[in-house]
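Worksheet for the structure shown next.
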2 protein chains.
Amino acid sequence: MSATNYSINGRIWIETPEGKVLGHGRVELLERIHVTGSLRQAALQMKMSYKQAWDLVKHTNEGFTEPLVQLSRGGTGGGKAILTEKGHQVIAEFKKIQKKFIDFMKEEENLIKI
Amino acid sequence: MSATNYSINGRIWIETPEGKVLGHGRVELLERIHVTGSLRQAALQMKMSYKQAWDLVKHTNEGFTEPLVQLSRGGTGGGKAILTEKGHQVIAEFKKIQKKFIDFMKEEENLIKI
DNA sequence: TATCGTTATGTTTTTAAAAGTATAACGGTA
DNA sequence: TACCGTTATACTTTTAAAAACATAACGATA
């Protein structure tokens, strides 16, 4: 049982001078793309429109030096979405930081005195 | 010169089971209330509508065990907004955590390798 | 080469958030 | 007690974000 009724919560993200390029939501989208191999399925799972997901991937790809997701259309299955090696790296890096961030918040929550 | 083009940014806030009770924006509003003694002036400075500021103060006051701002109407000047002792405490506590959070982000930014 | 399910992209509609408008209530002070 | 500028609150309008809709393009396979 904590000594306080308050909890600390927050969000972190990676950005460039042009703006946000990766955060909580995008990482989840990328992970679902990796699992399903499909942008449409990933979007469905997250209950977002295909268009929004596609825009997110576009902006994310443009935010890094190389694409994190490789989209292709036509062929067997109609098309596919594949996470690049860079995509895997970036996700891993973000999740590492995210884990530390959660620890940070937990710690501060225990110290809080109001 | 940093080793990477990416920077880390983020937000933290204090919440109860009922939701967010204090974050970056609200703290700024409270500080401006303290400086000006007026909710209307504080809202003007932050370019938000008086209504929005009033709602924020209302929800903030309800989120804690005691009000952080004491509003009163009528009298000299038409009315006033005063930060309570609790208000001062809470602001100080939040800013302390916020400072550590900024340090955390700086550190992670230096470690980032993508 | 016809089919299929997906990616690609512009356009329209819906929804939600914010801003704006209006007006009452208040209590020192002149 | 009339005035003033602010707080208090409901209601309307505007704006921005999200969703929905529509349709073309694509390429492996049968």
Side-chain angles (χ1 to χ4, degrees), chain A residues 11 13 15 18-26 28-64 66-84 86-87, chain B residues 11 13 15 18-26 28-64 66-84 86-87:
Chain A
R11 290 282 182 276
W13 57 86
E15 59 182 38
E18 281 72 40
K20 188 187 291 193
V21 294
L22 198 78
H24 181 266
R26 292 192 196 194
E28 184 179 345
L29 183 64
L30 295 185
E31 289 184 313
R32 290 183 189 274
I33 285 172
H34 174 57
V35 171
T36 63
S38 158
L39 180 52
R40 166 152 266 118
Q41 288 309 312
L44 270 174
Q45 288 183 1
M46 292 184 68
K47 292 180 212 296
M48 65 170 67
S49 70
Y50 171 83
K51 187 185 185 355
Q52 189 183 4
W54 184 83
D55 282 339
L56 276 175
V57 167
K58 183 166 185 288
H59 291 140
T60 304
N61 277 343
E62 287 166 354
F64 290 88
E66 345 161 19
L68 307 194
V69 178
Q70 193 184 49
L71 298 172
S72 55
R73 60 184 174 179
T76 312
K80 55 190 169 179
I82 296 172
L83 211 57
T84 65
K86 180 84 171 180
Chain B
R11 291 281 182 276
W13 57 85
E15 59 183 39
E18 280 73 40
K20 189 187 289 193
V21 294
L22 198 78
H24 181 264
R26 293 192 194 193
E28 184 179 346
L29 183 63
L30 295 185
E31 289 184 312
R32 289 183 190 275
I33 284 172
H34 174 56
V35 170
T36 62
S38 158
L39 180 52
R40 166 152 265 119
Q41 288 310 311
L44 269 175
Q45 288 183 2
M46 292 185 67
K47 292 180 211 299
M48 65 170 67
S49 69
Y50 171 82
K51 185 187 185 354
Q52 190 183 3
W54 184 83
D55 281 339
L56 276 175
V57 167
K58 182 165 185 287
H59 291 141
T60 304
N61 277 343
E62 287 166 354
F64 290 88
E66 343 161 20
L68 307 194
V69 178
Q70 193 183 49
L71 299 172
S72 55
R73 58 183 175 181
T76 312
K80 57 189 169 181
I82 295 172
L83 211 58
T84 65
K86 180 84 172 180

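So you know, we letter chains A, B, ... as the sequences are listed, proteins then strands, and number each from 1. What you are looking at is a predicted structure, and each value in this text was computed from that prediction instead of being measured.
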Quickly work out the [X] [atom1] to [N] [atom2] distance and round it to whole Å.
X     : N      : atom1 : atom2 : result
A/H59 : C/dT9  : NE2   : P     : 11 Å
A/Q70 : C/dT6  : CD    : P     : 18 Å
A/K47 : D/dA20 : NZ    : C1'   : 17 Å
B/L44 : C/dG20 : CG    : P     : 11 Å

Legend entry - ring-ring contact (aromatic ring centres under 6.0 Å, His included) involving B/H34 - partner list, sequence neighbours excluded: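 If we apply the ring-ring contact (aromatic ring centres under 6.0 Å, His included) test to B/H34, skipping adjacent residues, the hits are B/H88.
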Inset, instruction - Keeping the roles fixed (side chain from A/R26, backbone from A/V21), state whether a donor-acceptor pair exists under 3.5 Å. - result: yes
Do [X] and [Y] make a side-chain contact, defined as non-hydrogen atoms from C-beta onward lying under 4.5 Å apart?
X     : Y     : answer
A/N61 : A/L68 : yes
B/T60 : B/L29 : no
A/Q45 : A/T36 : yes

Inset, instruction - Mark up nucleotides 1-18 of chain D, 5' to 3', with B wherever a protein heavy atom is under 4.0 angstrom from a base atom, S wherever such an atom reaches only the sugar-phosphate, and - elsewhere. - result: ----BBBBB-B-------
Legend entry - Closest approach of A/P67 to A/T84 (non-hydrogen atoms, all atoms of both residues): O-OG1, 2.8 Å
